[in-house]
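Below, all heavy atoms of this structure are taken into account, side chains as well, without hydrogens, waters or symmetry copies. Source: prediction; values computed, not measured. Atoms within a ligand are numbered from 1 in the order they appear, just like the ligands themselves.
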Amino acid sequence: MDNNQVVKKTIFSGIQPSGNLTIGNYLGALKNWVALQDDYNCLFCSVDMHSITVRQTPAELRRRSVEMLALYMAAGIDPEKNILFIQSHVPAHAELAWVLNCYTMFGELSRMTQFKEKSQKHSENINAGLFTYPVLMAADILLYQADLVPVGLDQKQHLEITRDIAMRFNGVYGDTFTIPEPYIPKIGMKIMSLTEPDKKMSKSDVSGGSVGILDRRDDIIRKIKRAVTDSGSEIVYADGKDGINNLLTIYCGFTGKTIEEAEKEFAGMGYGVFKEAVGEVVADHLGALQARFNEILADKEYLNSMLKTNAEKAAYLARKTLSKVYRKVGFYQPK
Ligand code: TRP
């Protein structure tokens, strides 16, 4: 079949520009996007408007919003093939969110577990934005008629409500929005904490359990050297060896080797030697990625022009959906 005749599906993903991305985000998501960019129309959005539902340091938010996208580029995501942009650059997100607010029920938002958790954590600042956070997320997704949304477990409920809102709107006004599906990557790797290998590696972990993509070489090597392992001595992937399994997964994720190949390579060697090898491989790969990242960041002129062009591309697509919505709900639009 002629590939050009197949209509590519659209993937939308939003990333909060807060916290430091880890090798878990890299191997579990980012690295896979590189392979997907030919098969899908992808939009990657740094969702700065979501971030302000929790108090931020302005200078830090500003820096991270751009750095997040530069990191995507450094990982190999091509800003010519994909749309990489900052949410607040495309006003249609806020505009559609307002309309969708009027088609979202107080009761259903009250049931969002993330809202309940976050309002406990930030009990001094339970603002309306925190409450309607999922509606802005629905606007992000529905504006681009996304078919697929890659989401972790923590965002599944938000995707569900997005689908509910879209179906409700379509039910009243006829087909307007594509109903998005969750996207589960075929080859996604789950990377666990180095200190608690039965828990997922988290970007908010500062206890040495997680390796940041931008960590320094000696920190990377030191953290991996200190990774918790079992009391055995064999480097094999097996039940009850969560720590070694995790290190093998990380090693294979960065080298492209299979688990069997890695097991053979390290047969008869001790944990110490193995950890050193894993540390070196991770540090080398991240070092190269960091060099590209710094290069991209240093060229502000290119970065800014890329952001502008991509925001325009996104705005064009978003405007099409928004006009449709405005017409359907009965907003007068002069011809
Ligand atoms: N809420 C998501 C998170 O915290 C980020 C996000 C915002 C998002 N808009 C989105 C994710 C749209 C996917 C699609 O991880």
Contact atoms of ligand 1, heavy-atom distance to [X] under 4.0 Å:
| X | answer |
| --- | --- |
| Q16 | 4 (O) |
| I141 | 12 (C), 14 (C) |
| V47 | 7 (C), 9 (N) |
| V149 | 13 (C), 14 (C) |

Of the protein's non-hydrogen atoms, which lies at the shortest distance from atom 9 (N) of ligand 1, and what is that distance?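 In this structure, atom 9 (N) of ligand 1 has D140 OD2, 2.7 Å as its nearest protein heavy atom.
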
Shortest protein contact, atom 1 (N) of ligand 1 (heavy atom only):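 The protein heavy atom lying closest is Y133 OH, 2.7 Å.
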
Measure from the ring center of F115 to the ring center of H158 and say whether it is less than 6.0 Å.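 They do not qualify: ring centres at least 6.0 Å apart.
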
F44/W33 aromatic ring centres below 6.0 Å: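 Yes, ring centres under 6.0 Å apart.
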
Under 4.0 Å from ligand 1, counting heavy atoms only, is it the side chain of L136, its backbone, both or neither?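 L136 to ligand 1: no contact under 4.0 Å from either part.
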
If we set the cut-off at 4.0 Å for heavy atoms, which region of H50 has an atom near ligand 1: side chain, backbone, both, or neither?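 Side chain only.
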
Please report the shortest heavy-atom distance between L248 and Y237, naming the atom on each side.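 Scanning both residues completely, I find the closest heavy atoms to be CD1-N, 3.7 Å.
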
Regarding K118 and the six-membered ring of Y133, is the cationic atom NZ or CZ under 6.0 Å from the ring centre and inside 45° of its axis?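 Positive - K118 is close enough to the ring of Y133 and near enough to its axis.
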
Check whether any N or O atom of Q155, backbone or side chain, sits under 3.5 Å from an N or O atom of ligand 1, and answer yes or no.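 By distance alone, the answer is yes.
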
Flag for Y173-Y103: side-chain donor and acceptor within less than 3.5 Å: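 Yes, side-chain donor-acceptor contact under 3.5 Å.
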
R55 versus N127, side-chain donor and acceptor atoms under 3.5 Å: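 Result is no, nothing qualifies.
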
Any heavy-atom pair between the side chains of D242 and M192 that's under 4.5 Å?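 No, every pair of side-chain atoms sits at 4.5 Å or beyond.
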
Options G14, A138, S46, P182, ranked by nearest heavy atom to atom 13 (C) of ligand 1, top entry: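 The option holding the nearest heavy atom is G14.
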
